[in-house]
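Note that the structure is a prediction, hence the values are computed from the model and not measured.
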Amino acid sequence: MLSDAATFALAVQLRTSQGATLGEVFSFVSGLYFRGKLAYARRFSRPPDPTDHVAAGGVLVITPNAGLRAADVAVTVDSVRAFAGEPIDLSNARYRVPLEQGARTLYDSVGPDCDVVLLGSIASGKYVEVLLPIFGDRLLFPPAFVGRGDMSRGGLMLRCVASGEELEYAPIAGAIRKGQRPPRLEPLRTSGR
């Protein structure tokens with residue numbers, strides 16, 4: 001995607017001054033998992049003020065070096081290279097500090113009565129340890145994620161989008177975040193088969 005020789009549409013768009021959306025880029029890099037998160041968030045988010053630029057319509061992405069950003073914000077090759085150079089690690093201040101700042105700004109924008117749903121990894125502390133002290137009991141997650149790997153979570157969210165059925169949520173604080181792997185998801189049935 002970052003190669004000057006890449007000729008597919010997203011790579012070409014990323015090299016322009018307008019760039020491509022963060023959601024498109026992360027979907028390309030992460031595949032099914034991020035595509036599922038993005039589709040699910042767009043389908044089910046309900047921000048208190050959909051026009052608020054901080055809440056970004058309720059669809060925010062955790063970046064490796066720029067905190068929370070709207071999925072529709074434009075990024076360029078330089079932005080993506082900067083993302084790639086930063087590890088998502090709690091000991092990395094260039095990751096942690098912008099995320100803390102973005103989360104505090106989001107909290108101030110949406111207020112203490114708005115729930116925030118984390119669709120990212122809940123088993124490790126890389127997101128939870130940063131976000132939980134800021135949002136407390138308002139930080140929720142789908143318990144159906146427990147025991148599922150990235151691809152399974154992505155598939156589950158895409159199935160929810162297709163069916164229109166939102167997952168249930170629970171506070172992350174005090175929740176069991178690691179567990180036994182649930183049964184495999186049934187294959188999606190497409191029309192015409």
Side-chain angles (χ1 to χ4, degrees), residues 20-64 66-75 88 98-177 179 182 185 188:
T21 69
L22 182 62
E24 290 174 300
V25 170
F26 275 39
S27 290
F28 178 84
V29 172
S30 299
L32 174 66
Y33 176 46
F34 193 85
R35 228 177 27 252
K37 287 195 291 188
L38 186 58
Y40 185 90
R42 285 186 168 145
R43 170 69 175 82
F44 295 112
S45 68
R46 293 181 302 276
D49 179 0
T51 64
D52 179 81
H53 74 281
V54 174
V59 183
L60 296 163
V61 177
I62 297 172
T63 66
L68 295 171
R69 291 289 179 255
D72 293 328
V73 72
V75 294
I88 296 177
L99 180 54
E100 288 171 337
Q101 291 170 340
R104 284 189 193 101
T105 300
L106 178 62
Y107 181 88
D108 291 343
S109 178
V110 299
D113 296 327
C114 180
D115 292 331
V116 174
V117 177
L118 177 62
L119 298 177
S121 175
I122 47 106
S124 74
K126 64 185 178 183
Y127 305 134
V128 174
E129 301 306 320
V130 177
L131 300 175
L132 189 57
I134 296 165
F135 294 109
D137 288 339
R138 307 313 274 165
L139 184 63
L140 308 180
F141 80 110
F145 281 10
V146 174
R148 292 189 186 277
D150 290 350
M151 299 306 261
S152 180
R153 290 193 309 269
L156 176 64
M157 287 183 280
L158 285 173
R159 284 165 174 76
C160 289
V161 170
S163 71
E165 295 178 38
E166 190 170 5
L167 294 166
E168 293 183 17
Y169 307 116
I172 289 178
I176 295 172
R177 298 179 358 219
L185 295 171
L188 285 174

- [ ] Evaluate the criterion side-chain contact (heavy atoms from CB on, under 4.5 Å) for residue pair Ser152 and Tyr33; output intermediate values, then yes/no.
- [x] CA-CA 8 Å; Ser152 180; Tyr33 176 46; over 6 Å; no
- [ ] Given side-chain contact (heavy atoms from CB on, under 4.5 Å), test Val61 with Leu68 step by step and report yes or no.
- [x] CA-CA 5 Å; Val61 177; Leu68 295 171; over 6 Å; no
TODO: Check the pair Val75, Thr21 against side-chain contact (heavy atoms from CB on, under 4.5 Å), reporting the backbone distance first and the verdict last.
DONE: CA-CA 6 Å; Val75 294; Thr21 69; over 6 Å; no
Task: Verdict with supporting geometry, Leu140 and Leu118, side-chain contact (heavy atoms from CB on, under 4.5 Å) - done: CA-CA 6 Å; Leu140 308 180; Leu118 177 62; over 6 Å; no
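Taking every heavy atom of both residues into account, Ser45 and Gly57 meet most closely at OG-O, 3.1 Å. Summarising the geometry of Pro143 relative to Ala170, their closest heavy-atom pair is CG-CB, 3.7 Å, with the distance given to 0.1 Å.
Aromatic ring orientation, Phe26 versus Phe34: perpendicular (interplanar angle above 60°, classes split at 30° and 60°).
In this structure, Asp137 places its CG atom where only 12 or fewer heavy-atom neighbours from other residues, nucleotides or ligands lie under 6.0 Å away.
Under a 3.5 Å cut-off, the side chain of Ser30 and the backbone N or O of Ser27 do not form any donor-acceptor pair. Not one N or O on the side chain of Ser109 forms a donor-acceptor pair closer than 3.5 Å with the backbone of Thr105. Judged by distance alone, with hydrogens and angles left aside, the side-chain atoms of Glu129 form no donor-acceptor pair with the main-chain N or O of Lys126 at under 3.5 Å.
Classification of Asp72 and Arg42 as a salt-bridged pair holds, one side-chain N sitting under 4.0 Å from a carboxylate O. Taking 4.0 Å as the cut-off between side-chain N and carboxylate O, Arg43 and Glu165 do not count as a salt-bridged pair.
Side-chain contact check for Leu156 versus Leu167: some heavy-atom pair is nearer than 4.5 Å. Within the 4.5 Å cutoff, no side-chain heavy atoms of Tyr127 are placed close to those of Leu132. Taking the side chain as every heavy atom from C-beta outward, Pro142 and Leu119 approach each other to under 4.5 Å.
Partner of Arg69 under the side-chain contact (heavy atoms from CB on, under 4.5 Å) criterion, chosen from Ile62, Thr63, Leu60: Thr63.
Annotation: salt bridge (charged side-chain N to carboxylate O under 4.0 Å, His left out) contacts of Arg104 (sequence neighbours excluded): none. Glu100 pairs by the side-chain hydrogen bond (donor to acceptor under 3.5 Å, both in side chains) definition with Arg96, not counting sequence neighbours.
Gln101 contributes atom CD, which lies 13.5 Å from atom CG of Leu106 (distance to the nearest 0.5 angstrom). With rounding to the nearest 0.5 angstrom, the CZ atom of Arg138 is 15.0 Å from the CG atom of Leu131. Atom OH of Tyr40 sits about 13.5 Å away from atom CG of Leu38, to the nearest 0.5 Å. To the nearest 0.5 angstrom, Phe141 atom CZ is 12.0 Å from Tyr169 atom OH. Atoms OG and CZ, from Ser121 and Arg148 in turn, are 14.5 Å apart once rounded to the nearest 0.5 Å.
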